[in-house]
Student: 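Okay, here's the structure, questions in a sec.
All of these numbers come straight from a predicted model, not from anything done at the bench. Chain A is the first sequence line, chain B the second, and so forth, proteins listed ahead of strands; every chain is numbered from 1.
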Amino acid sequence: MNTSSPTRVRFAPSPTGYLHIGGARTALYNYLFAKINGGSMVLRIEDTDRNRYIKDSEKQLIKDLKWLGISWDEGPDVGGIYSPYTQSERTKLHRSHAEQLVNIGKAYYCFCDKARLQSIRSKHKGYDEHCREIDTDIALERVTSGEEHTIRFRSPKQGTTTVDDLIRKNITVKNEQLEDFVLFKADGFPVYHLAAMVDDHLMGITHVIRGEEWLSSIAKHALIIRAFGWSEPIWCHLSVLTQPGGKGKMSKRDTKTDEQDDNHSIFIHDLRSKGYHPEAIINWMVLMGWSLDDKQENFKLADLEAVFNLERINPSPAAVNFGKLDHFQGKHIRQMSDSEVAANIQPFLLKSGITPDKEMLLKLVPLIKNRITTFEDSVEWLSFFFTKEIMLSPSEFTNKKSTKEETLVILQEVKLTLEQLPKYKHENIESELRLLADKMNLKLGQLLNPVRLAISGQKVSPPLFETLELLGDYLVNSRIEKAIKLLENI
RNA sequence: GCCCCCAUCGUCUAGGGGACCAGGACGUGGGCCUUUCAAGCCCAAGACCGGAGUUCGAAUCUCCGUGGGGGCACCA
């Protein structure tokens with residue numbers, strides 16, 4: 001490891017699906033580590049598996065990362081001196097490095113086909129090393145004559161390989177466990193193990209921060225690096241994220257999440273379209289497997305760029321807790337200014353067919369700021385302000401406590417009171433209606449509930465006095481009138 | 001089956017030999033506030049996986065179990 005060179009990290013996803021919180025959290029940790037060290041972050045697309053390639057996933061991945069606020073210094077979209085950053089465009093490099101290992105006796109050509117491999121699988125633990133001792137000249141001849149082949153690593157058969165992981169200390173693997181694994185496939189593409197190590201080295205990566213799923217192949221990676229005589233990066237393996245219950249790897253679920261839970265998803269893209277704020281997601285993700293101390297846990301991305309460290313990463317698996325995402329989301333919304341919230345809400349209103357006046361929206365925001373968790377929630381809180389006709393069902397107006405007649409009287413009295421108001425301001429509305437409730441010998445709630453229902457069509461609404469003011473006397477009057485008629489006709 | 005990793009409230013975690021009858025956060029229950037619903041504030045319940053060992057002393061160190069997870073491809 002070279003401690004004197006500047007920190008360089010990489011996030012190296014494969015374009016086989018969309019960005020989920022597992023990948024995003026790995027990207028975040030890399031990003032933060034680069035930031036705090038004044039180093040650089042590289043985005044590298046590992047697309048050597050042509051079978052699992054999904055066409056638009058790279059584009060979407062970049063979009064999702066950017067939306068979260070995670071940026072990189074070099075990558076397929078921005079270029080850089082170690083270009084190209086798309087692995088499939090570097091196969092020549094990988095090939096020559098694989099051949100280099102063959103030349104120094106650390107790897108060899110293998111001519112076994114899939115059928116043979118399949119047939120020996122039951123008898124041998126791994127590859128049976130059928131081609132390991134083929135004479136190098138003969139092997140080279142067969143290769144140049146065009147015979148289909150792979151390149152395999154000549155694994156040591158004795159001793160152990162020990163690798164140092166930053167958060168797990170030493171990891172030792174017995175070499176007899178290692179088979180002669182493939183470095184370069186017959187289809188002309190390298191295998192991950194080779195490609196990633198070659199690219200990491202060529203790109204000057206100093207710290208490899210990646211998921212735990214790579215831990216079991218770390219000996220292979222170290223062996224490849226050592227075979228080339230390169231210096232090893234500092235390894236840091238993050239734990240996996242598990243399902244909300246704490247059992248099973250999260251990403252196995254792959255699609256949505258809990259059946260009953262359509263607000264939550266492990267995909268960044270879904271979270272975005274549900275109306276979560278990127279800062280809330282960042283705050284939530286960073287705490288899955290990392291903590292600063294026992295005091296602080298509300299962080300913005302900018303805060304994290306100043307306090308993050310690798311040493312405090314927790315090696316044990318973390319279960320995804322969507323309740324906590326909602327909590328952070330709420331916190332972030334409440335920290336925002338009204339105009340910020342308005343700006344975030346607007347697209348969701350638009351999407352549901354509401355085109356709010358900017359000034360009006362700004363007045364509405366304070367009424368719902370404490371009541372929404374996602375921005376999308378604002379739609380159900382506000383739609384009655386913007387729809388001409390609201391749906392009323394007469395049965396809602398009566399219950400155990402009040403009869404139809406009582407409710408009618410209330411609505412008529414309220415209507416009269418409101419019509420006589422000199423100023424249609426919530427302060428006036430409040431004082432007059434409180435007076436009215438007193439006069440009628442009613443609790444304020446008893447008086448207000450039918451009104452709420454009449455003007456919003458809902459049992460719950462934003463605070464009523466402000467709501468009446470913003471709705472305006474004309475709409476309020478006509479809606480109460482309509483409710484009265486409805487009740488009279490039962 | 002083989003290899004590797006992990007283990008504190010339901011969940012995320014603090015703690016790293018005495019400061020711990022274990023602290024915080026989410027969630028849950030209760031209360032206050034209150035025009036509904038929230039938000040906010042207050043209170044409560046709730047954990048060191050088990051067993052040996054080391055030590056005057058173990059949540060903390062060691063070993064063995066057990067449990068959970070990850071990986072064993074011409075996938076990444």
Student: Sticking with atom C1', work out how far rA52(B) lies from rG71(B), rounded to a whole angstrom.
Tutor: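 Here rA52(B) and rG71(B) have their C1' atoms 31 Å from each other.
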Student: For the residue pair His20(A) and Phe267(A), categorise the inter-ring angle as parallel (less than 30°), tilted (30 to 60°) or perpendicular (more than 60°).
Tutor: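 Ring orientation of His20(A) relative to Phe267(A): perpendicular.
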Student: Side chain of Arg52(A), base of rC75(B): donor and acceptor closer than 3.5 Å?
Tutor: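 Check passes, donor-acceptor contact within cut-off.
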Student: Tell me whether the side-chain N/O atoms of Ser216(A) come closer than 4.0 Å to OP1 or OP2 in rG70(B).
Tutor: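 Negative; the distance criterion is not met.
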Student: Considering Watson-Crick and G-U wobble pairs with both distances under 3.5 Å, what does rU66(B) pair with?
Tutor: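 Here rU66(B) is engaged in a pair, and the nucleotide opposite it is rA7(B).
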Student: Could you tell me how far rC43(B) sits from rA58(B) if I compare only their P atoms? Round to whole Å.
Tutor: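 rA58(B) and rC43(B) have their P atoms separated by 33 Å.
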Student: On RNA chain B, nearest-nucleotide positions of Pro13(A) versus Gly289(A): which is more 5'?
Tutor: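 Between the two, 5'-proximity favours Gly289(A).
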Student: CG of Leu287(A) versus P of rU11(B): gap in Å, rounded?
Tutor: 17 Å
Student: When rounded to the nearest Å, what value does the distance between P atoms of rC75(B) and rG68(B) take?
Tutor: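 That atom pair is separated by 32 Å.
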Student: By nearest atom, which of the nucleotides rC12(B), rG70(B), rA14(B) is closest to the Arg312(A) side chain?
Tutor: rA14(B)
Student: If I pick the C1' atom on rA14(B) and the same atom on rA47(B), what distance separates them, to the nearest angstrom?
Tutor: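 Taking atom C1' in both rA47(B) and rA14(B), they lie 13 Å apart.
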Student: Round to a whole Å and report the spacing from CG of Asp293(A) to P of rU13(B).
Tutor: 14 Å
Student: Select base, sugar-phosphate, or nothing to describe what Ala318(A) touches, counting heavy atoms under 4.0 Å on all strands.
Tutor: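 If one applies the 4.0 Å heavy-atom cut-off, Ala318(A) turns out to touch the sugar-phosphate alone, with no base involved.
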Student: Using whole Å, what does the distance between atom C1' of nucleotide rA76(B) and atom CZ of Arg44(A) come to?
Tutor: 12 Å
Student: Please assess Asp47(A) against Ser88(A) for the test side-chain hydrogen bond (donor to acceptor under 3.5 Å, both in side chains), listing each intermediate value before the final yes or no.
Tutor: CA-CA 6 Å; Asp47(A) 58 346; Ser88(A) 60; 2.7 Å; yes
Student: Would you indicate, yes or no, if rG16(B) has its OP1 or OP2 atom less than 4.0 angstrom from a side-chain nitrogen or oxygen of Lys169(A)?
Tutor: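 Checking rG16(B) against Lys169(A), no side-chain N or O comes under 4.0 Å of OP1 or OP2.
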Student: When the distance from CG of Asp294(A) to P of rA59(B) is rounded to whole Å, what number comes out?
Tutor: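 From Asp294(A) CG to rA59(B) P: 19 Å.
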Student: Which atoms form the tightest heavy-atom contact between Gly289(A) and Tyr29(A), and what is the distance?
Tutor: C-OH, 3.7 Å
Student: Does rA44(B) have a Watson-Crick or wobble partner in any strand here, with both distances under 3.5 angstrom, and which is it?
Tutor: rU28(B)
Student: Need one value for Thr48(A): base, sugar-phosphate or nothing, where a base atom within 4.0 Å counts as base even if backbone is also close, heavy atoms only.
Tutor: sugar-phosphate
Student: Does a side-chain N or O from Lys185(A) land closer than 4.0 Å to OP1 or OP2 of rC75(B), or not?
Tutor: yes
Student: Paired with rC2(B): which nucleotide, if any, by Watson-Crick or G-U wobble criteria at under 3.5 Å for both distances?
Tutor: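 Partner of rC2(B): rG71(B).
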Student: Under a 3.5 Å threshold, yes or no: a donor from one side chain and an acceptor from the other, between Gln87(A) and Asp199(A)?
Tutor: yes
Student: Find the distance Glu46(A):CD to rA76(B):P and express it as a whole number of Å.
Tutor: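 Rounded to whole Å, this separation is 9 Å.
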Student: Could you check which of rA76(B), rC6(B), rC74(B) has an atom nearest any side-chain atom of Asp49(A)?
Tutor: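 It is rA76(B).
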Student: Parallel, tilted or perpendicular for Phe322(A) and His264(A), by the 30°/60° rule?
Tutor: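 The rings of Phe322(A) and His264(A) lie parallel, inter-plane angle below 30°.
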Student: Check each of Leu364(A), Ile372(A), Asp377(A) against Ile345(A) using the side-chain contact (heavy atoms from CB on, under 4.5 Å) test, and report the only one that passes.
Tutor: Ile372(A)
Student: Locate the shortest heavy-atom distance separating Glu212(A) from Val240(A); write the atom from each residue and the value.
Tutor: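 So the minimum-distance heavy-atom pair works out to OE1-N, 3.4 Å.
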Student: Is the Phe308(A) ring parallel, tilted or perpendicular to the Trp290(A) ring (thresholds 30°, 60°)?
Tutor: tilted
Student: Write down the partner of rA38(B) under the Watson-Crick or G-U wobble criteria, each distance required to be under 3.5 Å.
Tutor: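 Pairing partner, where one exists within any strand: none, as none qualifies.
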Student: How is Cys112(A) classified with respect to the nucleic acid when contacts are heavy atoms under 4.0 Å: base, sugar-phosphate, or nothing?
Tutor: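 Here Cys112(A) touches the bases of the nucleic acid.
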Student: If you look at every strand shown and take non-hydrogen atoms under 4.0 Å, does Leu447(A) touch a base, only sugar-phosphate, or nothing?
Tutor: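 Answer is nothing: Leu447(A) stays at 4.0 Å or more from every strand.
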Student: The side chain of Glu179(A) is closest to which nucleotide in this list: rC5(B), rA14(B), rA73(B)?
Tutor: rA73(B)
Student: Using the C1' atoms only, state how far rC64(B) lies from rU54(B), rounded to an integer number of Å.
Tutor: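 It comes out at 15 Å once rounded to the nearest Å.
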Student: Mind checking who rC20(B) pairs with, Watson-Crick or G-U wobble, both distances under 3.5 Å?
Tutor: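 Per the H-bond distance test, none.
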Student: Counting the atoms with a prime plus P, OP1 and OP2 as sugar-phosphate, which does Pro366(A) contact under 4.0 Å by heavy atoms, base, sugar-phosphate, or nothing?
Tutor: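 If one applies the 4.0 Å heavy-atom cut-off, Pro366(A) turns out to touch nothing in the nucleic acid.
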Student: Across the strands shown, which category fits Asp113(A) at heavy-atom distances under 4.0 angstrom: base, sugar-phosphate, nothing?
Tutor: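 Touches a base.
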Student: Checking all strands, does Ser291(A) fall into the base, sugar-phosphate, or nothing category for heavy-atom contacts under 4.0 angstrom?
Tutor: sugar-phosphate
Student: What nucleotide, of rU11(B), rC74(B), rC6(B), holds the atom closest to the side chain of Ala319(A)?
Tutor: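 Closest nucleotide to the Ala319(A) side chain: rU11(B).
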Student: Could you state the atom-to-atom distance from CE of Met285(A) to P of rU11(B) in whole Å?
Tutor: 22 Å
Student: Please report the C-alpha distance between Leu238(A) and Arg25(A) in whole Å, then the side-chain angles of each, then the deciding distance to 0.1 Å, and finally whether the side-chain contact (heavy atoms from CB on, under 4.5 Å) criterion is met.
Tutor: CA-CA 10 Å; Leu238(A) 273 24; Arg25(A) 178 253 226 155; 4.1 Å; yes
Student: Taking all heavy atoms of Asp180(A) and all of Ser155(A), pick out the closest pair and write down the distance.
Tutor: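 Residues Asp180(A) and Ser155(A), closest heavy atoms: OD1-N, 2.9 Å.
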Student: Nearest-Å distance, NE2 (His237(A)) to C1' (rG71(B))?
Tutor: 12 Å
Student: I'd like to compare against my own output: the B/S/- annotation of nucleotides 25-45 of chain B with a strict under-4.0 Å heavy-atom distance to protein.
Tutor: BS--------BBBBSS-----
Student: For rG40(B) and rA22(B), measure between their C1' atoms and round to the nearest Å.
Tutor: 29 Å
Student: Angle class for the His149(A)/Tyr109(A) ring planes (parallel below 30°, perpendicular above 60°, tilted otherwise)?
Tutor: perpendicular
Student: When all nucleic acid strands are considered with a 4.0 Å heavy-atom cut-off, which category describes Ser217(A): base, sugar-phosphate, or nothing?
Tutor: nothing
Student: Can you tell me, in whole Å, how much space there is between the P of rC3(B) and that of rU55(B)?
Tutor: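 Result for the P pair: 33 Å, nearest Å.
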Student: From CZ of Arg168(A) over to P of rC4(B), roughly how many Å is that when rounded to an integer?
Tutor: 14 Å
Student: Between rA73(B) and rG16(B), how far apart are the C1' atoms? Round to whole Å, please.
Tutor: 41 Å
